[in-house]
Participant: 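Right, I'll just put the structure down here and ask away after.
In what follows, chains are A, B, ... by sequence order, proteins preceding strands, each numbered from 1.
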Number of protein chains: 2
Amino acid sequence: MSYSLTSSRNQTFISTLREKGLRPTKQRACVYGVILDKRDHPTADDIYDRVKRHLPGTSFATVYNCLETLVGCGLVRQVNMDRSPTRYCPNLSPHAHFRCIQSGKIYDVEIDKDTLSRMQALVPEGFEAENLDLSFSGTGTPPHD
Amino acid sequence: MSYSLTSSRNQTFISTLREKGLRPTKQRACVYGVILDKRDHPTADDIYDRVKRHLPGTSFATVYNCLETLVGCGLVRQVNMDRSPTRYCPNLSPHAHFRCIQSGKIYDVEIDKDTLSRMQALVPEGFEAENLDLSFSGTGTPPHD
DNA sequence: TCAGGAATTAGAATAATTCCAATTTAGCTT
DNA sequence: AAGCTAAATTGGAATTATTCTAATTCCTGA
């Protein structure tokens with residue numbers, strides 16, 4: 001029953017971890033997999049629920065550990081909006097997030113290269129930005145949902 | 001001993017609250033004042049400490065209540081970076097934040113009109129953004145500090 | 001196969017924030 | 001100025017997401 005990744009995902013997964021000298025465990029694979037399978041923005045809680053269906057013995061601590069590892073490897077991204085629980089995102093391309101105040105749903109928003117470099121240019125002399133986060137909140141009525 | 005605002009601040013403070021039918025209490029004035037006096041990015045905890053020096057009886061709940069009120073009125077801004085405690089900011093002009101990973105300090109970063117409107121333009125059809133947040137993190141060695 | 005470090009586990013601990021019920025206060029009315 | 005009422009404040013308990021801890025289990029290389 002233990003979750004298995006598609007072979008292409010599995011290759012990315014294994015090689016990325018190995019590069020950092022980390023072990024590709026079944027829990028890590030499962031956490032990674034459930035985030036990729038449903039391309040939403042699950043919380044650690046959501047992920048825990050999904051993982052438990054495949055690996056019932058998994059603990060919360062493990063989910064957090066795995067998430068930290070995966071984020072550290074750049075396999076998933078962390079999304080923090082206001083004070084709400086951290087969410088995790090399989091979309092690795094540079095993008096912003098939009099949160100609908102009514103539904104709580106989070107949507108990816110593409111950032112074009114030009115706007116991205118303008119934003120990066122805002123960082124003043126003497127500062128070196130490793131990370132950029134852009135998020136919007138408001139109301140959204142997406143065409144298909 | 002109870003804190004008093006400068007008269008120009010006091011006018012803004014009183015009229016802004018009155019517009020919303022809210023009472024300009026001494027606790028609210030004090031919270032507002034200590035944020036404006038030291039133009040840094042204090043946490044609720046920092047603010048609590050400062051307020052206590054002027055109004056020793058003040059409780060934590062009140063500080064949180066006042067902050068919520070002031071943010072709701074637009075008198076101060078709330079700054080959330082990752083999971084770290086919420087910070088409060090007296091700078092109301094549109095600006096981004098830069099957090100230095102080493103020192104934990106937060107700096108304001110100006111956003112020019114042009115870049116701002118480009119960012120706003122990223123929001124797709126069917127979505128209405130009420131709020132935009134841009135933040136950077138990395139290392140910073142500002143000239144004077 | 002075995003040793004030793006890495007990963008996982010359950011549950012306790014932490015930290016920021018919110019909730020609650022009781023008390024106090026501000027701003028009318030008279 | 002005194003009384004009234006809703007709004008604000010208070011202390012402490014509760015909540016919630018997350019992290020820590022110490023014990024156990026699991027990989028992986030020798």
Participant: With a 4.0 Å cut-off on heavy atoms, is T43(B) in touch with a base, just the backbone sugar-phosphate, or nothing at all?
Facilitator: nothing

Participant: Return whichever of V63(A) or P85(B) has its heavy-atom-nearest nucleotide of DNA chain C closer to the 5' end.
Facilitator: V63(A)

Participant: Let me know the distance between CG of L67(B) and P of dT9(D), rounded to the nearest Å.
Facilitator: 11 Å

Participant: Does D112(A) reach the main-chain N or O of D114(A) with its side chain, forming a donor-acceptor pair under 3.5 Å?
Facilitator: yes

Participant: So, H41(A) side chain and I106(A) main chain: donor-acceptor pair closer than 3.5 Å or not?
Facilitator: yes

Participant: Identify whether any heavy atom of D45(B) sits under 4.0 Å from a base atom; if not, whether one sits that close to sugar-phosphate; answer base, sugar-phosphate or nothing.
Facilitator: nothing

Participant: Would you say T25(B) reaches dT9(D)'s phosphate, i.e. side-chain N/O to OP1/OP2 under 4.0 Å?
Facilitator: yes

Participant: If I take atom NE2 from residue H54(B) and atom CD from residue Q27(B), how far apart are they, to the nearest 0.5 angstrom?
Facilitator: 13.0 Å

Participant: May I have the distance from Y48(A) (atom OH) to dT18(D) (atom P), rounded to whole angstrom?
Facilitator: 15 Å

Participant: Using whole Å, report how far NZ of K26(B) lies from P of dT10(D).
Facilitator: 7 Å

Participant: Would you mind reading off the distance between K20(B) atom NZ and dA7(D) atom C1', rounded to a whole angstrom?
Facilitator: 17 Å

Participant: With a 4.0 Å cut-off on heavy atoms, is T86(B) in touch with a base, just the backbone sugar-phosphate, or nothing at all?
Facilitator: sugar-phosphate

Participant: Considering every strand and a 4.0 Å limit on heavy-atom distances, what is the contact class for T58(B): base, sugar-phosphate, or nothing?
Facilitator: sugar-phosphate

Participant: Output the distance between atom CG (L70(B)) and atom CG (L22(B)), rounded to the nearest 0.5 Å.
Facilitator: 9.5 Å

Participant: Starting at CZ of R83(B) and ending at P of dT16(D), how long is that distance when rounded to a whole Å?
Facilitator: 14 Å

Participant: If you measure from NZ on K26(A) to CG on L5(A), what distance do you get to the nearest 0.5 Å?
Facilitator: 13.5 Å

Participant: Take the protein atom CZ of R28(B) and the nucleotide atom P of dT10(D), then report the distance between them rounded to whole Å.
Facilitator: 11 Å

Participant: Is there a side-chain polar atom (N or O) of R18(A) under 4.0 Å from OP1 or OP2 of dC27(D)?
Facilitator: no

Participant: With nearest nucleotide decided by heavy atoms, which residue, N65(B) or S84(B), maps closer to the 5′ end of DNA chain C?
Facilitator: S84(B)

Participant: Give me the first and last nucleotide of DNA chain C, going 5' to 3', that has any atom under 4.0 Å from a heavy atom of chain A.
Facilitator: dG5(C) to dT17(C)

Participant: Rounding to an integer number of Å, can you tell me how far E68(B) CD sits from dA7(D) C1'?
Facilitator: 14 Å

Participant: Students often mix this up, so state it plainly: with edges at 30° and 60°, are the rings of Y48(B) and F60(B) parallel, tilted or perpendicular?
Facilitator: parallel

Participant: What is the separation between atom OH on Y64(A) and atom C1' on dC20(D), rounded to the nearest whole Å?
Facilitator: 13 Å

Participant: Between CG of L134(B) and CD1 of I111(B), what distance do you get to the nearest 0.5 Å?
Facilitator: 5.0 Å

Participant: Please check: side-chain N/O of D49(B) versus main-chain N/O of D46(B), any donor-acceptor pairing under 3.5 Å?
Facilitator: no

Participant: If you find the nucleotide of DNA chain D closest to A61(B) and the one closest to A44(A), which residue's nucleotide is nearer the 5' end?
Facilitator: A61(B)

Participant: Check the phosphate of dC26(D) against R23(A), side-chain N and O only, distance under 4.0 Å to OP1 or OP2. Yes or no?
Facilitator: no

